[in-house]
Amino acid sequence: MSLFSRKVEQVPCTVEVSHRFEALHAHVRFNDGSVIHPGDEVLVQGPPVLAAWGEVISEDRTAVITRANALERLWTRMTGDFEFMELCEFSFSEEITL
């Protein structure tokens with residue numbers, strides 16, 4: 001892993017999209033066993049996979065993985081917890097009286 005350069009890999013993958021009452025999800029599985037690390041970017045090639053209500057679609061595609069360099073990986077590890085807080089939703093159900 002270089003300090004400044006990024007590495008690009010093309011890997012075969014399987015995309016599974018479920019649009020059912022029991023499960024609503026979209027998963028990508030790398031068929032060659034590739035692992036994604038903090039800061040890496042993944043772009044699945046091809047048109048969007050659209051599943052109608054009640055369907056589960058599984059398609060074989062190619063994914064392009066752009067590996068983060070050492071500085072990007074360090075930065076992602078250091079700031080990742082702060083980014084996670086943007087996903088949290090806070091609600092308060094009771095009013096406070098002073």
Side-chain angles (χ1 to χ4, degrees):
M1 175 172 48
S2 175
L3 191 61
F4 297 108
S5 66
R6 302 177 101 197
K7 181 180 172 187
V8 177
E9 303 174 16
Q10 289 195 4
V11 298
C13 67
T14 301
V15 177
E16 180 182 297
V17 177
S18 174
H19 190 192
R20 297 181 301 165
F21 178 77
E22 300 85 19
L24 177 64
H25 67 260
H27 295 284
V28 175
R29 182 181 61 247
F30 300 112
N31 298 340
D32 67 346
S34 294
V35 178
I36 301 301
H37 300 286
D40 292 347
E41 298 174 6
V42 177
L43 177 63
V44 177
Q45 302 293 310
V49 179
L50 302 173
W53 174 252
E55 286 186 335
V56 177
I57 297 176
S58 182
E59 293 186 6
D60 289 328
R61 298 280 182 96
T62 300
V64 177
I65 303 173
T66 304
R67 300 288 181 184
N69 61 38
L71 292 176
E72 291 171 324
R73 189 156 308 195
L74 177 63
W75 179 255
T76 302
R77 286 182 187 269
M78 289 175 28
T79 62
D81 292 336
F82 301 119
E83 297 288 330
F84 172 76
M85 293 304 292
E86 292 180 14
L87 299 175
C88 296
E89 181 179 329
F90 298 97
S91 65
F92 301 94
S93 59
E94 296 182 23
E95 292 183 23
I96 297 176
T97 56
L98 297 175

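Heads up: numbering here begins at 1 and tracks the sequence.
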Treat each ILVMFWY residue as a node, draw an edge where side-chain heavy atoms are under 4.5 Å apart, and state whether [X] and [Y] are in one component.
{"X": "Val44", "Y": "Ile57", "value": "yes"}
{"X": "Val56", "Y": "Val49", "value": "no"}
{"X": "Val64", "Y": "Val28", "value": "no"}

CG of Asp40 to CD1 of Ile65, rounded to nearest 0.5 Å, is 7.5 Å
Minimum heavy-atom separation for [X] to [Y], with atom names?
{"X": "Cys13", "Y": "Ala63", "value": "SG-CB, 3.8 Å"}
{"X": "Ser18", "Y": "Ala23", "value": "OG-O, 3.0 Å"}
{"X": "Phe21", "Y": "Trp53", "value": "N-CH2, 3.5 Å"}

Sorted by chain and residue number, the side chain to side chain donor-acceptor pair (under 3.5 Å) partners of Thr76 (sequence neighbours excluded) come out as none
Tell me, please, which residues at least two apart from Glu59 pass side chain to side chain donor-acceptor pair (under 3.5 Å). Arg61
Apply side chain to side chain contact (heavy atoms under 4.5 Å, CB included) to Val35 and list each qualifying residue two or more places apart in sequence or on a separate chain. His37
Would you say [X] and [Y] make side-chain contact, with heavy atoms under 4.5 Å?
{"X": "Asn31", "Y": "Arg29", "result": "yes"}
{"X": "Pro12", "Y": "Asp60", "result": "no"}
{"X": "Glu41", "Y": "Arg6", "result": "yes"}
{"X": "Gln45", "Y": "Gln10", "result": "no"}

Can you confirm whether more than 12 heavy atoms, excluding those of Arg20, are under 6.0 Å from its CZ atom? yes
When you check the gap from the basic side-chain N to the acidic O, do Glu9 and Arg67 get nearer than 4.0 Å? yes
